[in-house]
Colleague: 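Can you read through this structure? Questions will come right after.
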2 protein chains.
Amino acid sequence: MRRRITLKQIAKELDVSISTVSKALRESKEISQDTRDKVQAFAKLYNYKPNNIAVSLKNKHTKNIGVIIPEIVHHFFTTVISGIEKVANSKGYNVIVCLSNESFDKEVINMETLANGSIDGFIMSISKETQKKKDFHHLREVVNQGMPLVMFDRVSDEIYCDKVIVDDARGAYQAVEHLIHTGCKRIALITTVDYVSVGKLRTLGYKNALLDNEMGVDEDLIIKIEDIENCDKEIEKLFDLDNFDGVFAVNELFALTAMKIAQERGYRIPEDISFIGFTDGILSKHASPTLTTLAQHGIEMGEIAADMLIEKIEEEEEDESFRTEIIRTSLIQRDSTRKI
Amino acid sequence: MRRRITLKQIAKELDVSISTVSKALRESKEISQDTRDKVQAFAKLYNYKPNNIAVSLKNKHTKNIGVIIPEIVHHFFTTVISGIEKVANSKGYNVIVCLSNESFDKEVINMETLANGSIDGFIMSISKETQKKKDFHHLREVVNQGMPLVMFDRVSDEIYCDKVIVDDARGAYQAVEHLIHTGCKRIALITTVDYVSVGKLRTLGYKNALLDNEMGVDEDLIIKIEDIENCDKEIEKLFDLDNFDGVFAVNELFALTAMKIAQERGYRIPEDISFIGFTDGILSKHASPTLTTLAQHGIEMGEIAADMLIEKIEEEEEDESFRTEIIRTSLIQRDSTRKI
DNA sequence: ATGAAAGCGCTAACAT
DNA sequence: ATGTTAGCGCTTTCAT
């Protein structure tokens with residue numbers, strides 16, 4: 001078991017100085033071709049690779065980027081990671097993933113441990129709890145230290161940094177309009193509690209679409225779900241109390257659950273009730289009937305976030321201007337809505 | 001924008017030496033209570049946090065663990081990461097995730113970049129391409145350098161290291177027996193090509209279950225799918241050519257696709273045909289009918305892998321004995337199989 | 001063309 | 001009780 005070899009050892013073996021070895025390895029023409037060849041051959045033979053940590057300490061950058069997300073077992077976030085990873089790797093960066101599990105404390109701890117020199121910048125989506133508490137001191141701190149930060153999807157207006165967001169309100173608007181255009185007259189909304197920023201925005205889009213089409217908002221047709229585990233109970237209530245011919249749900253799970261309940265109650269989809277979900281994940285594609293959804297383009301979001309971050313990391317002087325990229329959703333028509 | 005403060009700066013401000021500051025911060029009783037208080041107050045005020053990189057260089061460990069998986073947009077792997085993350089974080093480690101995207105070259109590159117000092121150990125599941133090529137030099141190299149490695153799920157016998165695997169053959173056996181016990185007479189198998197180790201093992205379990213129940217293996221009932229994207233075409237062929245009353249599929253997607261085709265052809269599930277899938281992901285739970293599956297306990301695998309790795313990382317002298325933990329699958333009965 | 005030396009931020013053995 | 005020094009592995013400036 002050979003341990004990794006260092007410059008020092010090479011220098012000693014070859015009876016030259018450490019700096020000669022270092023330079024030879026980096027093809028410096030300060031060093032004679034002869035020595036360069038000799039050093040390189042030796043390095044290759046012993047499979048020399050520079051120690052990343054030492055290089056990081058010296059160069060003041062780690063070539064790591066930290067990603068903090070609420071949940072990894074959530075298809076949208078994994079697609080974003082996939083996009084981040086792709087561009088990060090192509091530019092020589094590694095991705096350190098930390099999960100907050102929707103907990104404020106965990107989010108704070110994660111940020112603090114990573115911010116102490118382990119990474120060159122952050123990409124993050126804040127936890128529900130953080131959104132509820134509205135306490136962003138940890139983000140502020142990191143930004144104040146000059147560490148680049150890109151927020152995505154679940155962002156906060158209070159923090160000045162680059163952002164990549166989905167056009168939630170517009171997407172919801174688009175979905176509801178599609179229901180209207182395909183003949184729905186009474187459209188229900190299944191959404192989350194208001195402190196979840198994206199839920200709120202999607203609710204807004206839903207209302208606007210109704211208003212713009214002179215349909216009026218009926219609050220009885222809107223249910224806000226807190227406990228995702230037991231969303232079926234809440235949704236059952238909607239079916240008990242009211243009737244409608246279209247459902248817009250802010251995520252796949254709500255949409256699928258609603259479809260299942262509708263089917264159990266004997267409604268035909270989409271003839272009797274049409275369904276659209278936000279977020280195009282695996283569930284939608286394999287549901288029966290397949291679910292019409294709004295694709296959020298997670299991979300693309302990840303790629304853009306990583307590009308923005310790396311740009312900020314690598315720019316010479318720091319630039320105080322921040323961008324917000326808005327990713328348009330696109331409607332994926334499947335079998336849970338009527339054809340136009 | 002205040003940059004991070006260092007020991008040196010604290011020392012200068014307080015007019016003491018760097019080592020005094022270092023010691024004071026670590027509550028060394030070599031230092032007078034007075035100085036300790038003063039230093040700590042100052043450090044707190046300026047929010048001093050030790051630089052991880054410097055500590056790593058000094059201490060020869062990074063408190064990072066590298067995880068290399070073929071795909072992140074794959075529910076099983078994300079559950080494993082979730083488990084790894086949980087125990088890693090609880091023991092003060094960060095998780096660096098790299099994706100091979102099922103590519104041998106990418107896997108090699110990922111390992112090499114991480115092995116150069118960025119991490120203290122690896123947890124990995126090898127790519128399909130690596131399994132096909134049977135080239136494990138990169139793993140061997142890492143192990144030879146004394147870097148702890150834990151392989152999970154897709155492992156290789158050629159590498160001596162700790163492993164965590166699913167009892168694939170036994171799980172498949174269990175699934176097929178369940179089909180038999182619930183009355184199936186002719187059971188089809190939808191599997192992957194043989195070089196995917198888990199596919200091969202699950203095929204083995206299938207055959208053994210049939211043999212042990214004196215049912216005989218009919219090769220016409222076995223299809224091996226190479227191209228997952230177009231698995232529906234292959235599965236259609238199975239339905240065209242043969243008839244059967246039970247299907248065991250080595251993953252969720254194959255099972256769901258087969259169920260959908262069966263439904264289109266007018267078969268009732270489970271009355272006419274029963275289905276079981278390997279891997280209990282989100283699809284199974286939300287399919288209609290819900291799919292009976294073998295749960296692989298990804299979270300648990302991740303936790304065990306992380307525990308094994310950290311144990312090896314932290315042990316004093318290195319221990320050449322390696323363990324293989326076998327995780328039993330469990331059958332989750334849902335509506336795609338008949339009740340006993 | 002080569003090497004000595006300083007320094008990145010920290011720890012720790014060894015003075016004083 | 002405090003400070004000096006060396007060193008982790010590397011880069012780079014400044015001699016020689």
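Naming: A, B, ... by sequence-line order, numbering from 1 per chain. Not measured: the values here are computed from a predicted model.
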Colleague: Is B/Lys86 atom NZ crowded by more than 12 heavy atoms from other residues, nucleotides or ligands, each under 6.0 Å away?
Modeller: no
Colleague: For A/Arg26 and D/dT12, is the shortest distance between a side-chain N/O and OP1 or OP2 below 4.0 Å?
Modeller: yes
Colleague: What's the separation between atom OG in A/Ser127 and atom CG in A/Leu99, rounded to the nearest 0.5 Å?
Modeller: 12.0 Å
Colleague: Below the 4.0 Å mark, does D/dG9 have OP1 or OP2 next to a side-chain nitrogen or oxygen of A/Tyr48?
Modeller: no
Colleague: Need to verify one output field. Residue with the more 5' nearest nucleotide on DNA chain D, A/Lys8 or B/Asp15?
Modeller: B/Asp15
Colleague: Would you say that more than 12 heavy atoms from the other residues, nucleotides or ligands in this model lie under 6.0 Å from the NZ of A/Lys12, or not?
Modeller: no
Colleague: Please list each protein N or O that sits under 3.5 Å from an N or O in nucleotides 4-6 of chain C, with the distance.
Modeller:
unit_1	atom_1	unit_2	atom_2	d
C/dA4	N7	A/Ser19	OG	3.4
C/dA4	N6	A/Ser19	OG	3.1

Colleague: From the options D/dC8, C/dT2, C/dC10, select the nucleotide whose nearest atom is closest to the side chain of A/Ile31.
Modeller: C/dT2
Colleague: For a salt bridge (Lys or Arg N to Asp or Glu O under 4.0 Å) check, start with the C-alpha distance between A/Lys106 and B/Glu85, then their side-chain angles and the critical distance, and finish with the verdict.
Modeller: CA-CA 12 Å; A/Lys106 185 103 192 286; B/Glu85 230 264 346; 3.6 Å; yes
Colleague: Are A/Thr6 and D/dG9 close enough that a side-chain N or O sits under 4.0 Å from OP1 or OP2?
Modeller: no
Colleague: Would you mind reading off the bend of the helix from C/dA1-D/dT16 to C/dT16-D/dA1 from its two end axes, five pairs each, to 10 degrees?
Modeller: 60°
Colleague: D/dC10, C/dT2, C/dC8: which one has an atom nearest the side-chain heavy atoms of A/Leu7?
Modeller: D/dC10
Colleague: Which part of the nucleic acid, if any, lies within reach of A/Ser56 when heavy atoms closer than 4.0 Å are counted: base, sugar-phosphate only, or nothing?
Modeller: nothing
Colleague: Here's a test of your reading of the structure: between A/Ser22 and A/Glu30, which maps to the more 5' nucleotide of DNA chain D?
Modeller: A/Ser22
